[in-house]
Amino acid sequence: MVRKIMQSSIKFDVSHRSGKARRGILETPHGKINSPFFMTVGTIAAVKGLTPQMLRECGCEIVLANTYHLSLRPGEELVNRFGGLSKFMGWNGPTLTDSGGYQVYSLVDINKITDDGVSFSSHIDGSKIFISPERSVHIQQNLGADMFMAFDECPAGDSSHEVVAESIERTFRWAVRSKEAWTNREKQALFGIVQGGVYEDLRKKSAEQIVSLDFPGNAIGGVSVGEEPAKIDRVVEYTAALLPDDKPRYLMGVGRPQDIIRAIGHGVDMFDCVMPTRHARHAEVFTRKGKIKIRNLKYRDDHAPIEEDCDCYVCKNLTRGYLRHLFIAKEMLGPIYAAMHNIRFYMKMLEDAREAIEEDRYEEFSSKFLADIEGSSV
RNA sequence: GGGGAGAUUCCCGAGUGGCCAAAGGGGACAGACUGUAAAUCUGUUGACAUCGUCUUCGAAGGUUCAAAUCCUUCUCUCCCCA
């Protein structure tokens, strides 16, 4: 079951399956990535608090960055002059850029959407900027990531059927325009994004539209944007099944470890989320038995590592009590250590998932993982 | 020895008769965060507790319907002159 994606700079080979979960290799111009995988978010060409060396030690194989932010500062032309995103940030490995579509949602208070594109007031200096599908592709081609995303509209999770129905049409028109603007096909792979909110009929329609454009990869967008958490799993399961089997499936922005483990079981290959790094900065660290708020008083005299059997540097060398002290004292090492642990937690989770798929015991692995992490709070 | 300023709820600090359990910071405690406007944001922070009641503004008295605020004495702190 190894097929090459035609006319694409990336190659996706699935080597093992366990139920709907698949384990494979995604080959990019900057190197191979074991799938399913999690992309650490480095919005402004930096994963907050972690050096590329640390990322490698944590097991990261790919980093994500953002079109909107980098176009504002330092500007995509400048990144291009430094040899592109991967080289600019000293990562020298695979990268993916998001189109700015998510900022249509997250910066909703400072933008104005028309069919032509989105006008933003820069969050840095308030100046007016405009991102259209063509502009987004132009920026992303300058940034030069191995994979990049079509510019989409991401409506809030509680949007009505009527609003989302209109929105997926715009996302489709923008996907068509993104594809037309995509010229650097031998070096960069463009992914389409399926929207449709929590409505199955709209997910189906959007999937048909996006799949018809035959992108090298397909993404599920508009998940975890304020909708009821219980609906996430159903939407992902339903939508993933509508995407081509021979191309990577990317669930954007999700998320919690349990959501990722479930989504892998539905055949999703790629993930990203700010959660491990942001939560790290906010003193929340992940364990197989749930998150812990390391700043809490109960860890003051706790001499144990965050997680006994974790193989990360922090768990092998430092205690919960010390980490709590760093956060209470507002020392920058606190967020750094917490990020090292959280990223390693995610990477190890994915490593274990891949191994389980290889050994065709994903269902068993998944059940145990979910029972542990959702069973009791630490 | 003489003159002056001041003592406020964990800390700093506002408040000069009722709208004061007492502004604003800080600290502490807790919560939120999902394709990062986020090392950010929110809540609580006298005690019981359902409105509400009780105790609190250095100490003790006093004036007043009512005092953190006015008067008397005392204790302590700081500044200036000898």
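Each chain gets a letter, A, B and so on, in the order its sequence line appears, and its residues count up from 1.
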Using Watson-Crick or G-U wobble geometry with both distances below 3.5 Å, tell me the partner of [N], or none.
{"N": "B:rU36", "answer": "none"}
{"N": "B:rA7", "answer": "B:rU75"}
{"N": "B:rC19", "answer": "none"}
{"N": "B:rU53", "answer": "B:rA47"}
{"N": "B:rG31", "answer": "B:rC41"}

Do the side-chain N and O atoms of [X] and [Y] include a donor-acceptor pair separated by under 3.5 angstrom?
{"X": "A:Tyr250", "Y": "A:Asp272", "value": "yes"}
{"X": "A:Asp146", "Y": "A:Gln188", "value": "no"}
{"X": "A:Asp125", "Y": "A:Ser127", "value": "yes"}

(message) Under 4.0 Å from OP1 or OP2 of B:rU34: is there any side-chain N or O of A:Ser224 that close?
(response) no
(message) Is there a side-chain contact between A:Arg324 and the phosphate of B:rC29, meaning an N or O under 4.0 Å from OP1 or OP2?
(response) yes
Using atom [atom1] in both nucleotides, what's the gap between [N] and [M] to the nearest angstrom?
{"N": "B:rG46", "M": "B:rU9", "atom1": "C1'", "answer": "7 Å"}
{"N": "B:rG58", "M": "B:rU8", "atom1": "P", "answer": "6 Å"}
{"N": "B:rU64", "M": "B:rA14", "atom1": "C1'", "answer": "26 Å"}
{"N": "B:rG13", "M": "B:rA21", "atom1": "P", "answer": "24 Å"}
{"N": "B:rC19", "M": "B:rA30", "atom1": "C1'", "answer": "32 Å"}
{"N": "B:rC12", "M": "B:rU72", "atom1": "C1'", "answer": "31 Å"}

(message) Nearest 0.5 Å, please: how far is OG in A:Ser212 from CZ in A:Phe172?
(response) 4.5 Å
(request) Examine the base of B:rG35 for any acceptor or donor lying under 3.5 Å from a partner atom in the side chain of A:Asp152, and report the outcome as yes or no. (result) yes
(request) Figure out the CD/P separation between A:Gln258 and B:rU34, and round it to whole Å. (result) 15 Å
(message) Just checking A:Lys20: does its NZ atom have more than 12 heavy atoms from other residues, nucleotides or ligands closer to it than 6.0 angstrom?
(response) yes
